[in-house]
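Beneath this line is the structure, given in structure tokens, with notes to follow.
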Amino acid sequence: MAKYIFVTGGVVSSLGKGISASSIAKLLQARGLKVTMVKCDPYINVDPGTMNPYQHGEVFVTEDGAEADLDLGHYERFLNIDMHRTNNFTAGQVYETVISKERRGEFLGNTVQVIPHITDEIKRRFRYPSKGVDVVLIEIGGTVGDIESLPFLEAARQHALEVGKENVLFVHVTLIPYIRASEELKTKPTQHSVGKLREIGLNPDILICRSEKPLTPEIRAKIAMFTSVHKEAVIEAPDVGTIYEVPVVFKKQGVDEQVLMLLRQRASTKNFDGWTKLVERIKNPSEEVTIALAGKYTELKDAYKSVHEALLHGGLAHNARVKIEYVDTGAPDLDAKLAEADGVLVPGGFGDRGIDGKLAAIRIARESEIPYFGLCLGMQIAVIEFARNVLKLEGANSTEFDKETRYPVIDLLPEQKGIEDKGATMRLGSYACELKKGSLAAACYKATKIDERHRHRYEFNNKFRKLIEDSGLLVTGRFVEKDLAEIVELKDHPWFLASQFHPEFKSRPEAPHPLFASFIAAAIKRARGSGRSRSEAYARG
Ligand code: GLN
């Protein structure tokens, strides 16, 4: 039977609960255990697919086409395994299931209630991914004390009772704030937060303490005493330069030993050197490149989480640090800003805000031979830019932005035209893509058959394909079954490639994505050749 670890959060949100959970999972995986993870989101949306990225950050897409919480991206990146639809569920999904059962009369006349019906459904979903694994880590979204998360915590309490306390562990991620005026670390918020957990019958076994300053032995002892957690299980989680260092920080404090002991779980002593070396490489790059990211949600970095990480992985493949500049494409000195960059990237997006700026950025990259990488919307805009400025098709556009355009180079497929429901109706998840022999894409992947993840409604319009290809923007990747363009690349340019899919979702530090690695290689080449000799300057510090 699988063992379960619940991870809750206290005091404030944004403590990096997902990173802490992933780091514990990584340590267990490195001890030879088969691990999986689940994220519970207590909001009522059925999935985050319809949410503005400003609210919950990026929408992550799984192989099987679920629009999921961005924490699943961390899980995949840390564990280097695929997550699926069942690895993330929301209060909305739980209620949807219970209410449809009620409509079918499956509750046989009973009153349907939060306890036991909602909690039963939550427990069922906790257990669902447990087949064949040693440990399931379940991260409960929100902060302890929120009304919304109560049914999830109650379900966790019941679950522990049912499978036996020795099979369940509770980890609480909390904040130990530092008060500058008195130069003190404060434990009171943590005491209160643990108190809240106790009120609902949960006692944390391990505390992960986020703090700006190291915990002194006295503070550690105080936290342990007030929360009834062993001193050794009070773990310090300082801010670190790279999220991938968190497992190393936890390892040094014996988190894996604590977990295994508390769960009475045997494990091998497989070594952790691979990950430690990877972190050392991240921390000691030999050069630096700057990538200009021209997106819409530049104020909220979480909106492009996977793109951000994939760029760093691309750098890691060449021992380079990747500095990401979020550029405002509306700026009057866009030319000068982009000339400073070693590569330009336009990520995915929806709606027409900022399109003109992105068109301008792509034009500059194309004409000035700056490496360009377009993702989803970034491919669609590259096609529009080419149609307008090279083919001189005035007003060429996507019908997403101009329904009446004379040149709809990006358009909806007939099957998308009748769709009214917005939730889970895009082209989602993994699709096969065939690459043209001899193309840049095929050279990057070192293959001609690949699979990549999608999340979009609009497609390249094949009516314009010949015209576009004849002028030098080649379709080098296709979903053959429906003859859909998946990759375009520009002839006679150092590196200009854009994909209809989202390669960023499949990049991992232990396996950087080939397109990102190749894009960064092109950026490095530009940096070295720019006369600014960045690598030397960088080496000199
Ligand atoms: N808005 C575009 C579409 O729906 C692009 C989507 C995206 O970039 N993910 O096709």
Side-chain angles (χ1 to χ4, degrees), residues 47-54 56-63 65-68 70 73 293-298 300 302-308 310 329 344-359 361-362 372-385 387 396-403 405 408-431 433 452-462 464 475 477 479 482 484-488 497-507 513 515-516:
D47 63 41
T50 55
M51 268 193 266
N52 182 330
Y54 275 128
H56 275 272
E58 152 191 294
V59 176
F60 188 76
V61 180
T62 58
E63 282 293 291
E67 298 180 278
L70 60 74
L293 193 145
K296 171 170 156 187
Y297 306 106
T298 48
L300 183 78
D302 265 3
Y304 302 115
K305 193 84 219 165
S306 294
V307 176
H308 186 105
T329 47
V344 175
L345 185 147
V346 173
F350 296 84
D352 57 7
R353 196 159 67 80
I355 297 297
D356 289 342
K358 289 177 199 168
L359 280 164
I362 297 172
Y372 173 72
F373 194 10
L375 310 176
C376 205
L377 181 68
M379 160 177 154
Q380 298 176 351
I381 302 189
V383 172
I384 296 169
E385 192 279 322
N397 216 332
S398 161
T399 50
E400 181 179 8
F401 315 128
D402 177 5
K403 291 212 164 25
T405 172
V409 289
I410 306 292
D411 196 8
L412 287 177
L413 292 183
E415 63 249 43
Q416 275 285 344
K417 286 193 173 142
I419 288 178
E420 286 186 3
D421 277 0
K422 291 278 181 272
T425 54
M426 287 189 250
R427 173 143 86 104
L428 287 168
S430 187
Y431 284 84
C433 171
E452 290 285 359
R453 300 184 195 170
H454 291 250
R455 180 172 185 255
H456 57 100
R457 239 178 252 292
Y458 292 80
E459 305 281 354
F460 179 97
N461 187 345
N462 279 335
F464 295 89
V475 174
F479 173 41
K482 289 201 163 176
L484 296 175
E486 300 281 37
I487 300 179
V488 296
L497 183 148
S499 67
Q500 186 55 81
F501 49 78
H502 289 275
E504 68 271 24
F505 293 138
K506 285 178 69 163
S507 186
H513 192 285
L515 292 180
F516 280 90

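Read the numbers this way: they start at 1 and go in the same order the structure lists the ligands and their atoms.
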- With a 4.0 Å heavy-atom cut-off (strictly under), which part of Q380 contacts ligand 1: side chain, backbone, both or neither?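 For Q380, only side-chain atoms sit under 4.0 Å from ligand 1.
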- Query: Taking non-hydrogen atoms only, is R457 closer than 4.0 angstrom to ligand 1 via side chain, backbone, both or neither?
  - Reply: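 Contact part for R457 vs ligand 1: both backbone and side chain.
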- Sub-4.5 Å side-chain heavy-atom contact between E452 and F505: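 No, side chains not in contact.
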- Message: Are the side chains of F501 and R453 in contact, using a 4.5 Å heavy-atom criterion?
- Response: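 When only atoms from C-beta onward are counted, F501 and R453 do not touch, as no gap falls below 4.5 Å.
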- Task: Any chance you could measure M426, atom CE, to Q416, atom CD, to the nearest 0.5 Å?
- Result: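 Answer for the CE-CD pair, M426 versus Q416, is 8.5 Å.
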- Task: Give a yes/no verdict on whether any heavy atom in H502 is under 4.0 Å from an atom of ligand 1.
- Result: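 For ligand 1, residue contact (heavy atoms, under 4.0 Å) with H502 is present.
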What residue and atom, counting heavy atoms only, is the protein's closest point to [atom], and at what distance?
| atom | value |
| --- | --- |
| atom 6 (C) of ligand 1 | G349 O, 3.4 Å |
| atom 10 (O) of ligand 1 | Y458 N, 2.8 Å |
| atom 9 (N) of ligand 1 | R455 O, 2.8 Å |
| atom 7 (C) of ligand 1 | C376 SG, 3.0 Å |

- Item | NZ/K403: more than 12 non-hydrogen atoms of other groups inside 6.0 Å |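 Open.
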- Looking only at N/O atoms, are E400 and ligand 1 under 3.5 Å apart anywhere?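 The answer is yes, given that E400 and ligand 1 share an N or O pair closer than 3.5 Å.
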- Measure from the side-chain N and O atoms of N461 to the backbone N and O of P408, and report whether any donor-acceptor pair falls under 3.5 Å.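 Flag set: sc N461 to bb P408 pair under 3.5 Å.
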- Message: Using a 4.0 Å cutoff against the non-hydrogen atoms of G348, which atoms of ligand 1 qualify?
- Response: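 The atoms of ligand 1 under 4.0 Å from a heavy atom of G348 are 8 (O).
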